[in-house]
Amino acid sequence: MTAKIIDGKAYAEGLRARIANAVKELEAKHGLKPGLAVVLVGEDPASKVYVANKAKQTVEVGMNSWEHRLDASTSEKELLALVDKLNKDPAVHGILVQLPLPKQIDSSKVLSALDPAKDVDGFHVVNVGKLSTGQDALVACTPVGSVMLAKDALGKKLEGLEAVVIGRSNIVGKPVAQLLLAENCTVTIAHSRTKDLPQVVRRADLVIAAVGRPEMVKGDWIKPGACVIDVGINRIERDGKAKLVGDCDYASCAAVAGSITPVPGGVGPMTIACLLHNTVRAACAQKSLPVPEM
Ligand code: NDP
């Protein structure tokens, strides 16, 4: 079998187009223009690229975008003051503080200071708690994007599937597992202490790999026809060239799976699209408006 390639880039483009329509509709019908504020502290080159892309795509879908670039020496108190100002600003519906933060700042303190209603990254404990108790929550973007792609590849319904999530981080593994549980999958969460991981993965109709280990999951771990969502982004060097690879060994997994996300071009492009999706949802919730179809 050769797997169907799940085109995350195309799916994200379609999602952004639907978000742009939703934004137009909100502005026309309710005078609401959703707005996202992104805060970057310091000069981390990768973070600078992410923040620039977020701002560009926010503007492209017709939303307000604010970028707050703070010096690497910014104190925790100064950052908390900015968060407080953004929390109180009615034009700002979503706030994202780009991680990692410099050493002098306690990230968990900053994330807890965000108004949970504006926490479009879905990392605030209130949103994490709402997700795990089955309430409407703002959920972390990469997990949301991963589940959207799985649903699209598997014809919308995930109910009853055996899902194995490899990785239990707070930003990917755990929220993805919660989302799959809410879709009525039977969910196993595997991690570094899981015994006989290949055998555990072999029972999965849906595999979500979020490990951070280049090409760890091999084709002979995959049940024939399974859907494989590879969240991993690993920079390696091969044949003297820098290359991005996932947590799955793409060639051997694609030979067995029914569908698979490539790296790059799979889950990666979904993250910002889901951030914009969360911002529209947050704006509607703050104004007690129904969320348009996206
Ligand atoms: P973390 O390092 O926080 O978590 C990795 C998880 O994998 C841990 O739970 C760890 O287990 C588990 N693990 C590590 N080694 C093994 C192993 N040998 N066997 C089984 N499980 C193992 O990573 P993240 O969740 O933050 O990220 C995972 C991957 O996803 C990374 O490649 C990252 O770059 C990518 N990513 C991509 C995003 C995107 O597409 N936009 C966004 C976020 C992440 P334990 O808990 O026992 O240590």
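Residues: numbered from 1 along the sequence shown. Order of listing sets the numbers, starting from 1, for every ligand and every atom in it.
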Legend entry - Proximity flag M270 to ligand 1, non-hydrogen atoms under 4.0 Å: no
Legend entry - Option of least heavy-atom distance to atom 28 (C) of ligand 1 (set: P214, C274, A210): A210
Legend entry - Nearest candidate to atom 25 (O) of ligand 1, where distance is taken over non-hydrogen atoms, out of G8, S169, G167: S169
Legend entry - Closest to atom 26 (O) of ligand 1 among I171, I166, D247 (heavy-atom distance): I171
Legend entry - Heavy-atom gap G173 to ligand 1 smaller than 4.0 Å: no
Legend entry - Spacing of CG belonging to L179 relative to NZ belonging to K174, to within rounding of 0.5 Å: 14.5 Å
Legend entry - side chain to side chain donor-acceptor pair (under 3.5 Å) partners of E43, counting only residues at least two apart: K48
Legend entry - Side chains of T74 and D71, donor plus acceptor under 3.5 Å: no
Legend entry - Pair D115 + K88, salt bridge at N-O below 4.0 Å: no
Inset, instruction - Could you check atom 15 (N) of ligand 1 against the protein and tell me its nearest heavy-atom contact, residue, atom and distance included? - result: R213 NE, 2.7 Å
Legend entry - Heavy atom of the protein closest to atom 31 (C) of ligand 1 (residue, atom name, distance): G212 CA, 3.6 Å
Inset, instruction - Would you check whether I233 has a nitrogen or oxygen atom less than 3.5 angstrom from a nitrogen or oxygen atom of ligand 1? - result: yes
Legend entry - Location of contacts on L197 toward ligand 1, heavy atoms closer than 4.0 Å: side chain
Legend entry - Residue, atom name and distance, where the atom is the protein heavy atom closest to atom 9 (O) of ligand 1: R168 N, 2.8 Å
Legend entry - Closest to atom 11 (O) of ligand 1 (judged by heavy-atom distance), picking from C141, G145, S192, P175: S192
Inset, instruction - Flag T271 as yes when one of its N or O atoms lies below 3.5 Å from any N or O atom of ligand 1, and as no otherwise. - result: yes
Inset, instruction - Using a strict 4.0 Å cut-off to heavy atoms of G268, name the atoms of ligand 1 that fall inside it. - result: 40 (O)
Legend entry - Residue portion contacting ligand 1 (non-hydrogen atoms closer than 4.0 Å) for V231: both
